[in-house]
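Encoded as C-alpha coordinates, the structure appears first; notes follow it.
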Amino acid sequence: MDHKTVDERDTEWETATPRLRAFFWTRGRTHLDCEEISGATISEASSWARGEAARRGAALDLAILSTDKAGAPGLIWLTDDGGADA
(Lines give C-alpha, C1' and ligand atoms only; values in the text may rest on other atoms or scores of the structure.)
Protein backbone atom coordinates (compact mmCIF):
# COMPACT_ATOMS: atom_id res chain seq x y z
CA MET A 1 0.00 0.00 0.00
CA ASP A 2 1.22 3.50 -0.85
CA HIS A 3 -0.04 6.84 0.42
CA LYS A 4 0.81 10.51 -0.14
CA THR A 5 -0.43 13.94 0.85
CA VAL A 6 -2.70 15.47 -1.81
CA ASP A 7 -4.53 18.73 -2.48
CA GLU A 8 -8.20 18.04 -1.71
CA ARG A 9 -9.19 20.66 -4.30
CA ASP A 10 -7.87 18.65 -7.27
CA THR A 11 -11.19 16.97 -8.15
CA GLU A 12 -13.81 18.37 -10.52
CA TRP A 13 -16.94 16.61 -9.25
CA GLU A 14 -18.32 14.48 -6.43
CA THR A 15 -21.52 12.72 -5.43
CA ALA A 16 -22.90 11.33 -2.19
CA THR A 17 -25.13 8.84 -4.04
CA PRO A 18 -23.08 7.04 -6.72
CA ARG A 19 -24.46 4.26 -8.88
CA LEU A 20 -23.40 0.94 -7.42
CA ARG A 21 -23.55 -2.67 -8.50
CA ALA A 22 -24.15 -5.55 -6.13
CA PHE A 23 -22.99 -8.94 -7.37
CA PHE A 24 -24.70 -11.92 -5.70
CA TRP A 25 -22.83 -15.20 -6.18
CA THR A 26 -24.48 -18.54 -5.43
CA ARG A 27 -23.75 -22.21 -6.07
CA GLY A 28 -20.07 -21.94 -5.14
CA ARG A 29 -19.60 -18.69 -7.13
CA THR A 30 -20.83 -20.34 -10.34
CA HIS A 31 -24.10 -18.38 -10.62
CA LEU A 32 -24.20 -14.57 -10.63
CA ASP A 33 -27.06 -12.11 -10.28
CA CYS A 34 -26.24 -8.40 -10.51
CA GLU A 35 -28.34 -5.48 -9.23
CA GLU A 36 -27.69 -1.79 -9.93
CA ILE A 37 -28.38 0.51 -6.97
CA SER A 38 -28.98 4.27 -7.26
CA GLY A 39 -30.37 7.01 -5.04
CA ALA A 40 -28.62 5.69 -1.93
CA THR A 41 -25.44 6.39 -0.02
CA ILE A 42 -22.73 3.73 0.00
CA SER A 43 -23.71 2.89 3.58
CA GLU A 44 -27.39 2.46 2.65
CA ALA A 45 -26.56 0.42 -0.46
CA SER A 46 -24.11 -1.76 1.45
CA SER A 47 -26.65 -2.41 4.20
CA TRP A 48 -29.33 -3.39 1.67
CA ALA A 49 -26.92 -5.56 -0.30
CA ARG A 50 -25.69 -7.42 2.82
CA GLY A 51 -29.29 -8.14 3.82
CA GLU A 52 -30.18 -9.25 0.31
CA ALA A 53 -27.11 -11.52 0.16
CA ALA A 54 -28.13 -13.13 3.46
CA ARG A 55 -31.70 -13.58 2.20
CA ARG A 56 -30.42 -15.25 -0.99
CA GLY A 57 -27.71 -17.27 0.76
CA ALA A 58 -25.22 -15.61 -1.58
CA ALA A 59 -21.70 -14.23 -1.44
CA LEU A 60 -21.58 -10.48 -2.10
CA ASP A 61 -19.25 -8.21 -4.07
CA LEU A 62 -20.04 -4.47 -4.18
CA ALA A 63 -18.66 -1.89 -6.61
CA ILE A 64 -19.12 1.74 -7.65
CA LEU A 65 -20.06 2.09 -11.33
CA SER A 66 -17.94 4.84 -12.88
CA THR A 67 -16.59 5.98 -16.24
CA ASP A 68 -13.07 6.76 -17.37
CA LYS A 69 -12.02 9.91 -19.25
CA ALA A 70 -13.15 8.36 -22.54
CA GLY A 71 -16.59 7.57 -21.10
CA ALA A 72 -16.06 3.79 -20.94
CA PRO A 73 -17.86 2.19 -17.97
CA GLY A 74 -15.86 0.51 -15.24
CA LEU A 75 -16.05 -0.68 -11.65
CA ILE A 76 -14.33 0.46 -8.47
CA TRP A 77 -14.47 -2.51 -6.10
CA LEU A 78 -15.53 -1.85 -2.51
CA THR A 79 -15.08 -5.48 -1.45
CA ASP A 80 -11.74 -7.27 -1.31
CA ASP A 81 -12.81 -10.25 -3.42
CA GLY A 82 -14.44 -8.26 -6.24
CA GLY A 83 -13.58 -8.62 -9.87
CA ALA A 84 -13.45 -11.22 -12.58
CA ASP A 85 -10.39 -12.86 -11.06
CA ALA A 86 -12.02 -13.49 -7.68
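Atom CH2 of Trp25 is separated from atom OG1 of Thr30 by 9.0 Å, given to the nearest 0.5 angstrom. Distance check, rounded to the nearest 0.5 Å: CD1 of Ile37 to CG of Leu65 gives 11.0 Å.
The minimum heavy-atom distance linking Leu62 with Thr79 is given by the pair N-OG1, 3.1 Å. The heavy-atom pair separating Thr67 from Pro73 by the smallest distance is CG2-CA, 4.2 Å. Here the closest non-hydrogen pair linking Trp77 and Ala63 is CE3-CB, 3.6 Å.
With sequence neighbours left out, Ser66 forms a side-chain contact (heavy atoms from CB on, under 4.5 Å) with Ile76. For His31, the side-chain contact (heavy atoms from CB on, under 4.5 Å) criterion is met by Thr26, Arg27, Asp33, not counting sequence neighbours. Among residues two or more places apart in sequence or in another chain, the side chain to side chain donor-acceptor pair (under 3.5 Å) test is passed with Asp10 by none. Residues forming a salt bridge (Lys or Arg N to Asp or Glu O under 4.0 Å) with Asp7 (at least two apart in sequence, or on another chain): Arg9.
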For residues 14-23, run the donor-acceptor check on the side chains, cut-off 3.5 Å, and write out each pair with its distance to 0.1 Å, sequence neighbours left out.
residue, atom, partner, partner atom, Å
Thr15, OG1, Thr17, N, 3.1
Arg21, NE, Glu36, OE1, 3.2
Arg21, NH2, Glu36, OE1, 3.2

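The environment of Asp68 atom CG is dense: over 12 non-hydrogen atoms of other residues, nucleotides or ligands sit within 6.0 angstrom.
When the side chains of ILVMFWY residues are joined at heavy-atom separations under 4.5 Å, either directly or via intervening members, Trp48 and Leu78 end up in a single hydrophobic cluster.
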Does the pair Phe24 and Leu32 meet the rule for a side chain to side chain contact (heavy atoms under 4.5 Å, CB included), with working shown?
CA-CA 6 Å; Phe24 300 101; Leu32 172 66; 5.7 Å; no
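Residue pairs meeting the salt bridge (Lys or Arg N to Asp or Glu O under 4.0 Å) criterion with at least one member in residues 45-54, sequence neighbours excluded: Glu52-Arg55, Glu52-Arg56.
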